[in-house]
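Please read the structure below before turning to the comments.
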Amino acid sequence: MDFKKIERKWQKRWEEEKIFEVKESAKKKKFYVLDMFPYPSGAGLHIGHAFVFSLGDIFARFKRMQGHNVLYPIGYDSLGLPAENAAIEAGTHPEEYTKKSIANFMKQQKAMGWSYDWSRAVKTSNPEFYRWDQWIFLKMLEKGLAYRKKAPVNWCRKCDTVLANEQVIDGKCWRHEDTEVEIKNLEQWFLKITDYAEELLEGLDKLDWPDNAKKRQRNWIGKSYGTDIYFEIDGSDKVLPTYTTRCDTIFSVTFLAIAPESPLVNELVEGTDWEKDVKEFAQKLAKESLADRINEEKEKVGIFTGRYAVNPVNGERVPIYVANFALTYGSGVVMCDAHDKRDFRFARKYDIPLKFVISKDGKEIDANREDDAFVDDGILFNSGEFSGMKNREALPKMADWIEKKKWGKKTVNYKLRDWLISRQRYWGTPIPIIYCDKCGVVPIPEKDLPVKLPKDVKFGKGNPLKTNDKFVHVKCPKCKSDARRETDTMDTFANSSWYFLRYADPRNDKKIFDEKKANYWAPIDQYIGGPEHITGHLIYFRFYTKFLRDLGLLKFDEPALRYFTQGIVHGADGEKMSKSRGNVIEPLEMIKKFGADTLRLALVSFAGPDKDSSWDEKIVVGNHKFLKKVYEYFDGWKPGKTEAIVESKLNKTVKEVTDYIQNFKHNLAAIKLRNLFNSFVDGAIDKKSAETFLKLLHVYCPFVTEELWEKMGNKPFVSLADWPKFDGKKINEKFDKIDAAVDKTISDVLNILKIVNGEKIYVYVLPNELENYDAEVLGKRVGKEVRVFAVNDAKKYDPLGKSAKVKPGRPAIYVE
RNA sequence: GCCAGGGUGGCAGAGCGGUCAAUGCGGUCGCCUCAAAAGCGACUUCUCAUCACCGAGAGCGCGGGUUCGAAUCCCGUCCCUGGCGCCA
């Protein structure tokens, strides 16, 4: 079998006849299958790509054959840091790099047999694509969802630029191992994803996503119920709002901690004797990296501000400290008590008194005599009217009480932060903003979009966009005076947040997409991607979808109804594949060696596709052998009659395989297909049976099955054939029992042969079971001559009368 | 620390309350062959038994429990993998 020739032939035919291109249709039910689009790197496809996209293709082919109008597009997430870095290192322009990489990707994608609608391909580095990033940004700005704020960012002095978190390794720059990353406060653009926090959380309930993906998103959004409690500053009419989820410990509060970067610090110490010391200390603390401050190993430090606040519930005066463990989360002020480890240890260090209000049994314990915080749940004491209650039961009641007395307010909090989209980098979507001294922040008018990336920039130092004067120095769109253009670009997650909609109408140059088309194809019915995107991309694109819905463009709330997370394919050594380990498997090499069909089948045979697995070339070899046998069998196939036992197995397999594919259990489907094929080999099968098998196998091995389908005298393409249906009436469980009985008989015979020598085997069976035992098959399997008799056969040869031992399903045996 | 997932035969990996622990790889033996490869067939968790067969017992990280019955459910415990991270 010439795999290479077959693969080339069908690649060409699919492409020439455009069989995977689709249009909206009122007759067929649509189905949208999507793999997360790849970042086109110069290295070409890696095995992870080969795996995910094969999963998508299998599903797309499956749904197509089931009669759906399947949209299965592909594109390239071609903006981003790697292209820019490659450009710096290799001296090419990111655009050239990207162009080359995409061409290389396309070639390999076609070689894998993925059934994309190529006419819809998009790439994010195309201005015709990213102009709509800019358009969405302007819409968000209009709705108050895009805003500018000072925010801390990672900064490398040597690179003279901001670093993404991924580029900070152990607090050092990834390119300068000797350079500590600094935290700088810069004006940055944010998108107000927090406005959608509640909806993003609630929406998860309706989605058919893996439970752990949903849990991780819930966790990330981090909804918590708490209470804001107001502490009046002693000697002032000002109030410090503190946020807590544990208002049951309010009677335990003995001090407040305030974040060093909070503007409240200055306010508190202004004009006091403490001013100089506190300000200096706070500044020092604020410079510590966040990583250091939240590191449990590092000591918590702080300084007394000289000021006190009053606990509203009991009127107690408590000192206010500036402390590094207080973060600018919420108001940046924390109430501190003896039931929190950090608070407890901090208090010990600075000799602040402590008091417990919870113990196991409600008996009073003196915190000052204990070694550490009491963090367990228990029974309250010294807590006014709440003493004697279980703390967890008292908590909501205490929140109500505090709110009723107007000492505070119940609140809901989310861990989800607004999305910082500014990147001081070149290869991204330019943020469509102009800064004018007179008019301030001026959005670029929609009609002037896209703001194109200028090609003529210098790489190496800082943001390359700043090196193009023509780009930077522009006239203000409002007052026409000299102004400066925003040189930050957008996080590339902006592009991937709505690309799935562009596939519905990829060449529209008037609108982001035609609403009718988008609402026909979207939402995605089956999305497939890696686990690493759960708390990034998969949240952002839900946010964008909801925003575009609120603009009136979409009629649905969620971008992807069903989601499958594929596992990671590790190297043969079980470790992550990496060049330095030398365990990288190149898909292209595998295709050369074994063919794309084999690779596809092998990739889904390793393990459950949602589990991590280790590469094993032996599995590939095994699958290759199997395919070769399949090819040889069907190459020489002549129509015959399918036996009832095979017919039963065939129908059962159709049922099982259909179910397995629907649920991504390809490893199990592959086993069933092998078993079915093995039952073909000994006998004849009719045309319909042969076709059914090829159809089932086709989603895994599209090339070989197209070839065999044609050889069988069918019109092309099996790609467009109907998915087989099973006939439940033809499935007969009895056959399985017969199989088992025959196996058992063989094992009995061999067992006897271990004990006695013999050349001739006589098997005696009940008359109604006679047809289940084929002397020839038995003979082949035990390697001896076998004769089968019915027990009532008068002419049977049975010198020792063994036939008397026959039982139903259990033949008697005589060896001579 | 918290959350999620997992620990099954030489290896990879199914099974996730009801005979018997899929399947693949590896291994052993046999057939075929001058021989080898390929192919085909049998065996392959462990212990014990058997020169005639419908054998016996144990076993799914460890320890308990629920059940007529557990790899499968519950509790405890140890280890691995991934994610989150002093969010008050």
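Within every chain, numbering begins at 1; the chains are lettered A, B, ... in the order of the sequence lines, protein sequences first and strands thereafter.
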With 3.5 Å as the limit, what N/O pairs link the protein to nucleotides 38-43 of chain B?
| residue | atom | partner | partner atom | Å |
| --- | --- | --- | --- | --- |
| C40(B) | OP1 | Lys629(A) | NZ | 3.2 |
| G41(B) | O2' | Arg781(A) | O | 2.5 |
| A42(B) | OP1 | Arg781(A) | NE | 2.8 |
| A42(B) | OP1 | Arg781(A) | NH2 | 2.8 |

Write down the protein N/O and nucleotide N/O pairs, taken from nucleotides 81-84 of chain B, whose separation is under 3.5 Å; answer none if there are no such pairs.
| residue | atom | partner | partner atom | Å |
| --- | --- | --- | --- | --- |
| G83(B) | O2' | Arg216(A) | NE | 3.4 |

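The distance between atom CD1 of Ile568(A) and atom P of A4(B), rounded to the nearest whole Å, is 20 Å. Distance CE (Met335(A)) to C1' (A88(B)): 8 Å, rounded to an integer number of Å. Atom NE2 of His666(A) is separated from atom P of A12(B) by 23 Å (rounded to the nearest Å). One interatomic measurement links the two molecules: CG of Asn212(A) to P of C3(B), which rounds to 15 Å at whole-angstrom precision. Between Asp610(A) atom CG and G13(B) atom P the separation is 12 Å, expressed in whole Å.
Among the heavy atoms of the strands, none lies under 4.0 Å from Asp340(A). Note on Val621(A): nothing from the nucleic acid sits closer than 4.0 angstrom, heavy atoms only. Note on Ile619(A): nothing from the nucleic acid sits closer than 4.0 angstrom, heavy atoms only.
Figure legend. G1(B) is base-paired to C84(B); pairs are counted as Watson-Crick or G-U wobble with both atom distances under 3.5 Å.
By the 6.0 Å and 45° rule, Lys149(A) stacks over the aromatic ring of Phe190(A).
Remark: aromatic rings of Phe386(A) and Trp401(A) are close, center separation under 6.0 Å.
Applying the 4.0 Å criterion to OP1 and OP2 of G24(B), one finds that Ser605(A) has every side-chain N and O outside that range.
Residue whose closest nucleotide on RNA chain B sits further toward the 5' end, between Ile813(A) and Asp337(A): Ile813(A).
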